[in-house]
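Have a look at the structure below, then the notes.
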Amino acid sequence: MPEKTDIGSLYPQQEDVTDFTLCMRRAKAMADVATLLAGSLVVSGSGTNVTTLTPIAANPNRRKWFIKNTGTDVLTVTFGGASIDLKPGLANNDGGGAEIEDLIWKGAVTVSGTSPRYTWAEFIAA
């Protein structure tokens, strides 16, 4: 099994970078994830305007999942007994919304909010 690495430690975010730089850093980070999780299947999607939804069902074969807030309202992500509010962007799809990723949780992941807008992905052992 590949060694788990925190993307944030590989590519820490800086305050004075341009959108292009962040985009390129994200692309590089995702390339590293693909290498890191070689042999994984990827399931992904997006959602809008459903008050509460479970985009990621429980899966014992999950290696990693993430959800990113792409809207302008707070998005609450719940997994197990934990909930976290992801800050919104200033405009839809501006890249400014917060995201959460996890390498451990295998249970269902639920999102809720006033008018949720988000993208998600799940990496599954092949």
Discussion item. Side chains of Arg117 and Asn92, heavy atoms from C-beta outward: is any pair under 4.5 Å?
Written reply: yes

Worksheet item: Does a side-chain N-to-carboxylate-O contact under 4.0 Å join Lys64 and Glu122?
Response: no

Discussion item. Tell me every residue that passes side chain to side chain contact (heavy atoms under 4.5 Å, CB included) with Ala98, counting only those two or more places apart in sequence or in another chain.
Written reply: Leu86, Lys87

Worksheet item: How far does OH of Tyr118 sit from CG of Asn69, to the nearest 0.5 angstrom?
Response: 11.0 Å

Worksheet entry | Least distance between heavy atoms, Pro88 atom then Gly71 atom | CB-O, 3.5 Å

Worksheet entry | Between OG1 on residue Thr119 and CD1 on residue Ile67, distance to nearest 0.5 Å | 8.5 Å

Practice prompt. Tell me, with the steps shown, if Trp120 and Val109 meet side-chain contact (heavy atoms from CB on, under 4.5 Å).
Written response: CA-CA 10 Å; Trp120 62 272; Val109 181; over 6 Å; no

Discussion item. Return the NZ to CG distance between Lys68 and Asn93, rounded to the nearest 0.5 Å.
Written reply: 10.0 Å

Practice prompt. Quick one: closest heavy-atom pair of Pro116 and Thr114, and the distance?
Written response: CD-C, 3.8 Å

Check residues 72-84 and write down every donor-acceptor pair under 3.5 Å in which the side-chain atom is one partner and the other belongs to a residue at least two apart or another chain.
from	atom 1	to	atom 2	distance (Å)
Asp73	OD2	Ser115	OG	2.5
Thr76	OG1	Asp85	OD1	2.6
Thr78	OG1	Ser83	OG	2.9

Worksheet entry | Side-chain (Arg62) to main-chain (Trp105) donor-acceptor, under 3.5 angstrom | yes

